[in-house]
Amino acid sequence: PVKRKLQGMMHGYIDLIFQWRGRYYLADYKSNFLGNRLSDYNRQKIEHSMQQAFYDLQYLLYSLALHRYLQTRLEDYRPETHFGGVYYLYLRGMSTDAGTGVYHRPVEAHLLTQLDALFGGNEDV
């Protein structure tokens, strides 16, 4: 069952990369149906959806890709300074009034460097 859920994950695309106040973020739009009410898109339910769909693994892979890209493009790149994190935007539940539909997670610099080393073949990580 897990293999089946992970199948196709490597075929995804980052929907948006944006810069705000000198930090770079990635955003992914989701049209998942979690319910008819805005309250169905609260933090707890979105976190559950993120885990069930393995989006947490997906955003780590996307973060590594952005991290590596920024290393090649920014002369003074430092992840703790320039990498702002990820946003998953659940379009059906987004509301500024209710504060729903938006998942944000910073990705710590040490995690990015560990992922980079791991995917670079460093088995000592």
Side-chain angles (χ1 to χ4, degrees):
V2 171
K3 182 180 178 185
R4 201 164 236 183
K5 286 191 180 233
L6 293 177
Q7 204 168 25
M9 184 172 294
M10 297 306 293
H11 299 286
Y13 299 95
I14 296 171
D15 291 329
L16 177 68
I17 295 171
F18 65 95
Q19 179 190 22
W20 187 62
R21 295 187 176 174
R23 297 177 68 95
Y24 292 83
Y25 300 83
L26 62 87
D28 205 49
Y29 303 110
K30 296 299 176 192
S31 60
N32 302 45
F33 180 77
L34 304 182
N36 289 317
R37 300 175 313 240
L38 287 176
S39 62
D40 294 325
Y41 295 85
N42 67 30
R43 181 182 178 108
Q44 182 181 12
K45 291 181 180 181
I46 285 180
E47 285 183 3
H48 182 263
S49 170
M50 293 285 295
Q51 292 172 354
Q52 290 297 110
F54 294 97
Y55 293 152
D56 47 357
L57 175 58
Q58 184 184 53
Y59 79 64
L60 288 174
L61 295 172
Y62 286 175
S63 294
L64 176 59
L66 179 56
H67 169 71
R68 287 183 168 183
Y69 176 80
L70 292 173
Q71 283 178 319
T72 66
R73 299 294 183 204
L74 299 178
E75 188 175 311
D76 63 340
Y77 174 69
R78 291 183 27 228
E80 59 276 358
T81 302
H82 295 104
F83 198 95
V86 299
Y87 282 93
Y88 272 61
L89 307 174
Y90 281 68
L91 300 173
R92 297 173 189 262
M94 289 179 66
S95 168
T96 56
D97 293 336
T100 58
V102 177
Y103 175 89
H104 173 257
R105 180 74 67 213
V107 180
E108 292 82 16
H110 70 86
L111 181 56
L112 288 171
T113 54
Q114 286 179 332
L115 283 169
D116 198 11
L118 180 66
F119 279 85
N122 185 346
E123 296 178 15
D124 294 333
V125 178

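Y24 pairs by the ring pair (Phe, Tyr, Trp, His ring centres under 6.0 Å) definition with nothing, not counting sequence neighbours. Applying the salt bridge (charged side-chain N to carboxylate O under 4.0 Å, His left out) criterion to D116, with sequence neighbours excluded, gives R68. Qualifying side chain to side chain donor-acceptor pair (under 3.5 Å) partners for D15, counting only residues two or more places apart in sequence or in other chains: none.
Hydrophobic clustering places Y62 together with L74 (ILVMFWY residues linked when any side-chain heavy atoms are closer than 4.5 Å, directly or through intermediates). Linking ILVMFWY residues whenever their side-chain heavy atoms come closer than 4.5 Å, directly or via other members, places I17 and L61 in the same cluster. By the criterion of side-chain heavy atoms lying less than 4.5 angstrom apart, applied directly or through intervening Ile, Leu, Val, Met, Phe, Trp or Tyr residues, Y25 is grouped together with L16 in one hydrophobic cluster. Cluster annotation: V86 is connected to L64 through the hydrophobic network of ILVMFWY side chains, with a link wherever side-chain heavy atoms come within less than 4.5 Å. Linking ILVMFWY residues whenever their side-chain heavy atoms come closer than 4.5 Å, directly or via other members, places L60 and L70 in the same cluster.
Sequence neighbours left out, not one pair with a member in residues 81-104 passes salt bridge (Lys or Arg N to Asp or Glu O under 4.0 Å). Residue pairs meeting the salt bridge (Lys or Arg N to Asp or Glu O under 4.0 Å) criterion with at least one member in residues 25-35, sequence neighbours excluded: D28-K30.
Looking only at distances, no side-chain donor or acceptor of S49 sits under 3.5 Å from a matching main-chain atom of K45. Under a 3.5 Å cut-off, the side chain of H82 and the backbone N or O of R78 do form a donor-acceptor pair.
Within a 6.0 Å sphere centred on CD of Q19, heavy atoms belonging to other residues, nucleotides or ligands number more than 12. R43 CZ: 12 or fewer foreign heavy atoms inside a 6.0 Å radius. Open room surrounds OH on Y69; 12 or fewer heavy atoms of other groups in view lie less than 6.0 Å from it. Counted within 6.0 Å of CZ on F119, heavy atoms from surrounding residues, nucleotides or ligands total 12 or fewer; the atom is thus considered open.
One finds the CD atom of Q51 at 12.0 Å from the CG atom of L57 (value rounded to the nearest 0.5 Å). In this structure, E47 CD and N42 CG are separated by 9.5 Å, a value rounded to the nearest 0.5 Å. Between Y90 atom OH and I46 atom CD1 the span is 6.0 Å, to the nearest 0.5 Å. The distance from the CG atom of L66 to the CD1 atom of I14 is 6.0 Å, given to the nearest 0.5 Å.
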Determine, step by step, whether N32 and Y88 satisfy the side chain to side chain donor-acceptor pair (under 3.5 Å) criterion, reporting the C-alpha distance in whole Å, the side-chain angles of both residues, the deciding distance to 0.1 Å, and the verdict. CA-CA 11 Å; N32 302 45; Y88 272 61; over 6 Å; no
Validation: residues 99-112 side-chain donor-acceptor distances under 3.5 Å, sequence neighbours left out:
unit_1 : atom_1 : unit_2 : atom_2 : d
T100   : OG1    : G93    : O      : 2.6
Y103   : OH     : R105   : NE     : 3.1
Y103   : OH     : R105   : NH2    : 3.1

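Smallest separation of non-hydrogen atoms from L89 and M94: CB-SD, 3.8 Å.
A 4.5 Å side-chain heavy-atom check between F33 and Y41 finds at least one atom pair inside the cut-off.
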